[in-house]
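Taking it in order: structure first as structure tokens, then the write-up.
Each chain gets a letter, A, B and so on, in the order its sequence line appears, and its residues count up from 1.
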There are 2 protein chains.
Amino acid sequence: MSAPAPLLLTMGDVAGVGPEILVQAFVSGQAQGAVVLGDVPAMRRAADVVGGGAVVVPVDGFDGLAALPAGAVPVLQVTGLPANLSQVPFGHIDARAGAAAAACIREAVRRVRAGDGRAIVTAPIHKEALSAAGVAFPGHTEMLQALSVDPGQPLPPVRMMLANDELRTVLVTIHLSLRRAIDAVTFDAVCETIRIADASVRQFGVVRPRIAVAGLNPHAGEGGLFGDEELRVIGPAVEAARAQGIDASGPFAPDTVFMRARNVPGHPGEFDVVVAMTHDHGLIPVKYLGVEQGVNVTLGLPFVRTSPDHGTAFDLAGTGRADPASLMAAVRMARVLAG
Amino acid sequence: MSAPAPLLLTMGDVAGVGPEILVQAFVSGQAQGAVVLGDVPAMRRAADVVGGGAVVVPVDGFDGLAALPAGAVPVLQVTGLPANLSQVPFGHIDARAGAAAAACIREAVRRVRAGDGRAIVTAPIHKEALSAAGVAFPGHTEMLQALSVDPGQPLPPVRMMLANDELRTVLVTIHLSLRRAIDAVTFDAVCETIRIADASVRQFGVVRPRIAVAGLNPHAGEGGLFGDEELRVIGPAVEAARAQGIDASGPFAPDTVFMRARNVPGHPGEFDVVVAMTHDHGLIPVKYLGVEQGVNVTLGLPFVRTSPDHGTAFDLAGTGRADPASLMAAVRMARVLAG
């Protein structure tokens with residue numbers, strides 16, 4: 001290739017806000033040098049919604065992307081998409097939109113694995129649209145995990161990180177009931193999460209990440225009075241990580257560890273990342289100041305993948321009023337992580 | 001009484017920061033009209049630590065409190081305290097400090113129940129010092145609950161509220177392991193919490209409080225996929241509260257409901273209070289911006305009780321560097337709630 005491999009932006013569900021926030025990112029200049037993998041007519045519809053001089057530029061290769069002016073939205077037409085995607089109604093579950101979203105993700109992974117893309121930023125998809133299209137994966141993470149290796153190979157362990165300008169958290173468990181999440185907080189799962197968190201925060205340029213491990217129970221169990229997972233499972237996992245040279249500490253009381261890690265002017269964070277045992281312990285503090293600031297990063301894949309921290313927002317699709325801030329933050333973070 | 005009953009401030013553990021943050025509150029003028037129930041020599045030691053013109057003024061009644069100048073710290077000597085409290089070393093667990101802290105709380109409750117006090121603001125105590133003194137209660141809440149009724153009477157149901165300038169949360173469960181907390185999320189417990197939250201937020205001057213009820217599981221259970229407590233327990237409790245005319249709604253996804261309730265300039269909160277199922281779901285967002293802003297309110301007692309959202313901070317005791325902001329916020333909130 002004559003040009004460096006670009007960031008690959010998947011179009012997402014065309015009934016949702018994905019195409020229009022992608023257009024907004026190019027209008028703002030923040031996506032310059034990246035390319036959308038999607039459907040040219042559907043992206044043209046999004047450009048019409050956004051206005052502001054946005055123009056879709058069909059491309060069939062990646063040369064010259066960096067020279068495009070702000071407002072130009074380079075789109076590589078993915079082959080084999082359903083017909084008439086630009087006529088899929090906004091705001092409704094549609095199997096065609098689900099099928100197209102999945103095809104764009106497959107194309108992005110194929111290219112990034114071939115070295116023909118530097119990282120993937122995914123626009124929002126809708127779980128039920130995927131399902132309506134017969135796609136067997138409940139969401140991005142599982143699909144990317146499966147596509148990241150050849151058929152028959154073991155799947156890499158992946159973890160979800162949520163990050164904004166002041167806080168990063170990595171989750172030991174995600175989409176399980178709280179009861180099942182407690183069962184899933186095992187020594188191996190915590191060790192693996194600490195290891196993945198350490199490796200990933202190094203990608204942010206932190207030489208020796210300070211990793212805080214949150215407890216599971218109130219006051220991190222208060223010495224066993226309010227639960228023993230800290231003594232039986234989490235504490236030993238922290239020790240094991242330290243024995244491997246990782247700067248992990250804890251378990252800390254969940255209610256104050258995120259505050260301690262928060263990094264803002266005048267309040268330097270004590271830690272570079274917090275490992276949280278449950279979905280909501282980790283996501284409540286990252287989302288508290290507004291989802292428009294949060295970025296979702298899938299850790300453990302053999303390539304960089306980020307996404308905005310929100311869904312298809314069907315209620316806003318087609319209005320041009322969706323906030324592209326989280327997508328733009330995801331683009332910036334993908335650039336940082338991909339080096 | 002010739003003067004209106006004052007706010008009663010308990011001295012807390014003399015080995016901790018309680019006495020000195022009380023002095024700071026009077027130096028700032030924010031505690032004017034209130035009175036400390038404690039030990040005069042121990043409070044004099046705290047005034048020496050703080051400096052800045054602080055002078056302890058022993059009082060034996062409550063007339064004339066409002067006329068004292070800023071910096072005057074009125075202290076009513078509680079009788080029967082251990083001797084030489086002003087010589088208890090800072091920063092260590094001491095049975096004398098525990099016994100004195102408990103005696104001050106007893107005196108405050110006795111007075112407020114007799115109408116000789118408008119509300120109680122408690123300075124921090126240490127659980128292990130209480131225990132060393134043979135006091136059978138693990139903390140303030142349980143002690144206040146027991147003292148709030150005559151012996152043999154049923155204890156009132158109480159709940160913990162944490163509040164700062166932008167968010168209020170009321171907790172269904174507090175000091176239990178997460179496993180036991182899930183078991184304690186019953187229909188009755190959620191209903192009672194919603195009822196108590198409604199009554200208490202009215203005391204803040206909200207005519208018809210908008211109460212958000214958080215779910216327990218990720219995505220509030222995603223329709224039963226990640227746990228069924230929302231369908232079996234929490235949803236029906238919300239419906240029962242609505243049938244009683246309470247403006248409750250939910251269950252909402254825990255990771256975004258606190259963000260939605262957050263009330264700051266430019267971001268009006270959608271709700272006046274959030275009912276949270278677990279200790280950490282509720283406390284993580286309130287504490288995230290800093291414990292110096294949080295106030296703990298015990299709801300359900302027959303009197304108003306607030307406290308700062310931190311402990312004895314043994315590492316700072318005697319240095320004069322403890323931040324009195326949370327105590328001062330607790331004093332302001334007690335004034336509002338006591339009307």
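Against chain B, no residue from residues 269-276 of chain A qualifies, as none has a non-hydrogen atom under 4.5 angstrom away. Applying a 4.5 Å heavy-atom cutoff, the residues of residues 170-179 of chain A that approach chain B are A/Ile174, A/His175, A/Leu176, A/Ser177, A/Leu178, A/Arg179.
Distance check: A/Phe258 CZ to B/Lys287 NZ gives 13.0 Å after rounding to the nearest 0.5 Å. For the atom pair NE2 of A/His219 and CG of B/Asp280, the computed distance is 7.5 Å after rounding to the nearest 0.5 Å. In this structure, CG in A/Asp309 is found 8.0 Å from CG in B/Asp255, a value given to the nearest 0.5 Å.
A/Asp315 pairs by the side-chain hydrogen bond (donor to acceptor under 3.5 Å, both in side chains) definition with nothing, not counting sequence neighbours. Residues forming a ring-ring contact (aromatic ring centres under 6.0 Å, His included) with B/Tyr288 (at least two apart in sequence, or on another chain): none.
Between chain B and the residues A/Leu283, A/Ile182, A/Asn217, A/Leu167, the most heavy-atom pairs under 4.5 angstrom are made by A/Ile182. Counting heavy-atom pairs under 4.5 Å between each of A/Arg180, A/Arg260, A/Glu166 and chain B puts A/Glu166 at the top.
Here the side chains of B/Met259 and A/Leu289 are not in contact, with every heavy-atom distance at 4.5 Å or above.
Open room surrounds NE2 on A/His92; 12 or fewer heavy atoms of other groups in view lie less than 6.0 Å from it.
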